[in-house]
Amino acid sequence: MKQDFQYALIFKGHSFEYEVQAIAKLFIPVRFQLCQNGNIPENIPNRIYTEISLSDNSDSKLQILIIKILLHGMSEEVTQQVSKNLSEEDLEYIFCKLLYTSLKKLTGYQPPWGMLTGIRPVRKVLQELDNNFTPEQACKNLQEKYFISDEKIKLACDVALIQKPILLHSAKEIGLYIAIPFCPTRCSYCSFVSHSMDTAKQLIPDYILKLCEEIAILGQIIKKFHLSVQSIYIGGGTPTAISAEQLRRVMQAIENHIDIQHVKEYTVEAGRADTITEEKLQVIKTMHATRISVNPQTLQDNVLQAIGRCHTAQQVIDVFLLARKLGFTDINMDLIAGLPTDTYEGFSNTLRRVIALQPDSITVHALTLKRSADLYGYKQNTEISVIEQMAKLSAKLLPENDYQPYYLYRQKNTIGNLENVGYARSGKENLYNILIMDETQTILGAGCSASSKIVNNTITRVMNYKFPYEYINRFDELMLKKNQIIAELEKL
């Protein structure tokens with residue numbers, strides 16, 4: 001089906017399409033028609049033209065940056081001369097800065113993260129700290145370069161200072177991720193590779209069998225290279241969507257084939273309240289997991305219904321209290337700001353009720369809609385300014401209740417250019433989340449859609465097959481990929 005575009009991005013004489021598009025979407029969060037070779041689509045009313053050309057004087061050491069914007073009847077045109085000898089990185093930065101300042105002038109909008117478009121703003125702060133800048137100087141440097149707001153640079157710096165000592169590890173210390181990609185139903189905002197039980201139930205026995213085989217193979221690799229597993233994360237999907245016995249088999253395979261005596265953190269993402277039973281919690285507890293997530297997303301029953309969840313807020317509270325009763329001392333709860341039909345008052349009520357439960361960590365996500373989510377393209381009925389107020393309320397109330405920000409990342413298509421922030425009480429920071437986002441630790445993955453990431457100066461990713469039926473039917477081919485993991489580990 002042909003899409004009628006209202007906005008176009010035109011490129012000529014440069015290869016910075018990705019970053020130019022990312023800057024444009026800070027101000028205009030829509031799908032653009034992308035036009036190469038300077039071709040201007042006259043039928044599209046809103047256009048951003050970007051060009052880098054050489055000077056007409058062949059002896060000149062200059063090149064010319066050109067930005068022409070036509071937006072809702074307003075126009076802006078700027079040019080800048082720069083040296084031909086600039087590195088690609090410096091040229092891209094200057095070009096994007098020119099586009100950023102032009103769009104800021106034309107729209108009157110100041111993005112809170114400034115020019116930063118990457119998902120890891122904390123890494124920028126850590127790099128400055130590693131270069132022996134003080135926290136104050138690091139913040140100043142980044143604000144001057146990227147135009148970040150005071151509020152956001154403080155958040156990034158606070159997170160970096162908590163993470164810096166936690167990030168220390170040896171090359172032999174690794175993380176382990178186990179994927180169980182099944183859910184009772186698919187939430188409307190979800191873009192993860194997960195499969196509802198009504199369509200995938202028949203695949204689960206064979207999937208569990210193959211998953212346990214892969215865990216055994218990874219165990220052999222870990223033993224061969226004398227690696228030490230620092231953290232284990234069983235995620236999904238919803239791991240507790242499978243039966244207690246199936247969950248026991250997976251966790252038993254981990255115990256049989258992985259030396260867990262040095263594991264500092266062992267997480268099972270229990271997730272949805274309609275999948276959590278006392279029997280499953282007992283399995284998780286007896287199989288030595290140390291941390292679980294009980295994720296309400298919201299405690300407003302009407303919002304739960306709107307996003308396709310088949311449980312009530314009271315069920316979430318009951319499951320959380322049951323987990324505490326069974327002795328779980330490290331429980332995370334996830335919330336999402338900006339869900340359909342939610343309001344500021346509803347979110348505030350949810351946040352305060354969750355704080356009253358006193359979980360050990362609370363993660364606040366800003367709603368992100370990816371193309372595979374059912375809600376993608378849905379006209380968000382919660383104003384962006386309201387979602388920003390939800391995030392600000394979280395940033396105020398959680399530290400007031402002894403939860404400090406320790407984990408921060410951004411995603412494409414996040415409403416209002418906001419971020420996801422993990423808050424935790426001291427000593428309850430999620431090690432796995434910190435290390436996977438920092439990308440400085442090798443993580444081996446088992447299960448469909450899982451990725452193994454071998455870190456050795458550069459990062460090598462080895463992807464498993466995406467869907468359960470493919471994972472099951474092509475398992476022997478998949479295991480050949482383990483040779484690539486072995487080859488990379490031999491270089492460590």
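The analysis underlying the following values was restricted to heavy atoms, covering all of them including side chains, and did not include hydrogens, waters or symmetry mates. The first residue of the sequence shown is numbered 1, and numbering continues consecutively from there.
Using modelled atom types, no side-chain atom of S75 and backbone atom of L71 make a donor-acceptor pair closer than 3.5 Å. Here the side chain of K280 pairs a donor or acceptor atom with the backbone of I242 at under 3.5 angstrom. Between the side chain of R47 and the backbone N or O of Y7 there is no donor-acceptor pair closer than 3.5 Å. With hydrogens and angles disregarded, no donor-acceptor distance shorter than 3.5 Å links the side chain of T298 to the backbone of L304. The backbone N or O of T329 sits less than 3.5 Å from a side-chain atom of K428, completing a donor-acceptor pair. No donor-acceptor pair under 3.5 Å is formed between the side chain of Q127 and the backbone N or O of V125. For N401 (side chain) and L397 (main-chain N/O), a donor-acceptor pair under 3.5 Å exists by modelled atom type. Using modelled atom types, one side-chain atom of N46 and one backbone atom of H72 make a donor-acceptor pair closer than 3.5 Å.
Not less than 6.0 angstrom separates the ring centroid of F32 from the ring centroid of F5. The distance between the ring centers of Y266 and H288 does not fall below 6.0 angstrom. For Y423 and Y406, the gap between ring centers reaches or exceeds 6.0 Å.
Between E92 and K97, no side-chain nitrogen of the basic residue sits less than 4.0 Å from a carboxylate oxygen of the acidic one, so the salt-bridge criterion is not met. At a threshold of 4.0 Å, the pair D360-R291 does not count as salt-bridged, since none of the basic side-chain nitrogens sits closer than that to a carboxylate oxygen. By the 4.0 Å N-to-carboxylate-O rule, K68 lies too far from E76 to be salt-bridged with it.
Residues meeting the salt bridge (charged side-chain N to carboxylate O under 4.0 Å, His left out) test with R248, sequence neighbours left out: E245. Residues satisfying the side chain to side chain donor-acceptor pair (under 3.5 Å) criterion with Q143, sequence neighbours excluded, are D150.
Geometric assessment of K285 against the ring of F328 yields a positive cation-pi assignment under the 6.0 Å and 45° thresholds.
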